[in-house]
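Given the structure is predicted, the values throughout are model-derived calculations rather than measurements. Numbering of ligands and ligand atoms starts at 1, following listing order.
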Amino acid sequence: MIKVTFIEHNGTVRSVEVAEGTSMMEAAVGNLVPGIDGDCGGACACATCHLFVEPEWLDKLVPAEDMEKSMLELAEGGGPGSRLGCQIKLSKALDGIVARTPVGQH
Ligand code: FES
């Protein structure tokens with residue numbers, strides 16, 4: 001299992017454990033973590049899985065592809081560490097990853 005920690009905008013910290021290969025979006029939605037919607041089901045088409053990966057994890061991620069980059073331009077309040085949760089597949093290398101969730105996705 002891979003441990004993922006989400007920090008909500010209000011400071012609430014939730015750690016969940018999910019199977020390898022699960023996406024960050026699925027890890028959040030499947031564990032009812034507020035702030036991540038995942039409306040398109042992970043097709044990189046809605047940007048409602050926007051989250052902020054903590055700086056120390058950024059260089060362990062597979063870089064965003066062009067489609068993700070253009071969807072991120074639609075996400076509100078983007079900034080350093082902005083990624084689409086559905087495009088981050090959890091591997092052993094990401095065990096322990098920490099991400100902040102936005103206030104909302106709309
Ligand atoms: Fe829609 Fe990630 S779930 S872009």
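When atom types are taken as modelled, the side chain of N31 and the backbone of V33 share no donor-acceptor pair closer than 3.5 angstrom. The backbone N or O of K89 sits nowhere less than 3.5 Å from a side-chain atom of S23 that would complete a donor-acceptor pair.
Only one option out of T5, I2, L90 pairs with I97 in a side-chain contact (heavy atoms from CB on, under 4.5 Å); it is L90.
Around atom 1 (Fe) of ligand 1, the protein contributes the following N, O or S atoms at distances under 2.8 Å: C40 SG, C46 SG.
For K3, the NZ atom sits in a loose shell: 12 or fewer heavy atoms of surrounding residues, nucleotides or ligands are nearer than 6.0 Å.
Among residue pairs with one or both ends in residues 53-74, those qualifying as side-chain hydrogen bond (donor to acceptor under 3.5 Å, both in side chains) are E54-R100, E68-R83; sequence neighbours excluded.
V62 and V53 fall into different hydrophobic clusters, defined by Ile, Leu, Val, Met, Phe, Trp and Tyr side-chain heavy atoms under 4.5 Å apart, directly or through other members.
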